[in-house]
Amino acid sequence: MAATRHRTTQEPPIELPIGLNAWLLDCAPVQDCTTCQTEWRRLNAASRLGDIAQAARHATAVRDHAGGAHS
């Protein structure tokens, strides 16, 4: 029996507009808040690893917490 060759259907990666990551990750953690600072550290770690989706989730958590819990 001959081996079947599979063709990949994966498209090349999409290049996002310059500045989109900065916009996604833009947030301002409250300096003396443990929750904000923890999310900020996690955001930076994910960003360094290139996991922008996870970094954006942490940025959202910072924005939500800083905007709601500290109002």
Practice task
Apply side chain to side chain donor-acceptor pair (under 3.5 Å) to Gln37 and list each qualifying residue two or more places apart in sequence or on a separate chain.
Solution key: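 Gln37: no side chain to side chain donor-acceptor pair (under 3.5 Å) contacts found.
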Handout entry: Set of residues satisfying side chain to side chain donor-acceptor pair (under 3.5 Å) with respect to Thr60, sequence neighbours excluded
Key =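 Side chain to side chain donor-acceptor pair (under 3.5 Å) list for Thr60, sorted by chain: Arg63.
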Practice task
With rounding to the nearest 0.5 Å, note down the distance linking CG in Leu24 to CZ in Arg57.
Solution key: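 So the CG of Leu24 and the CZ of Arg57 are separated by 11.5 Å.
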Handout entry: Considering all heavy atoms, the nearest Cys36-Val62 contact
Key =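 That closest heavy-atom pairing would be O-CG2, 3.9 Å.
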Exercise for the section: Quick one: closest heavy-atom pair of Ala55 and Ala46, and the distance? Expected result: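 Heavy atoms only, the tightest pair is N-CB, 3.7 Å.
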Exercise for the section: Among residues two or more places apart or on two chains, list those pairs meeting salt bridge (Lys or Arg N to Asp or Glu O under 4.0 Å) that have a residue in residues 38-55. Expected result: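 Non-adjacent pairs meeting salt bridge (Lys or Arg N to Asp or Glu O under 4.0 Å): Glu39-Arg42.
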Handout entry: Hydrophobic cluster membership, Leu49 vs Leu43, 4.5 Å side-chain cutoff
Key =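 No, Leu49 and Leu43 fall in different hydrophobic clusters.
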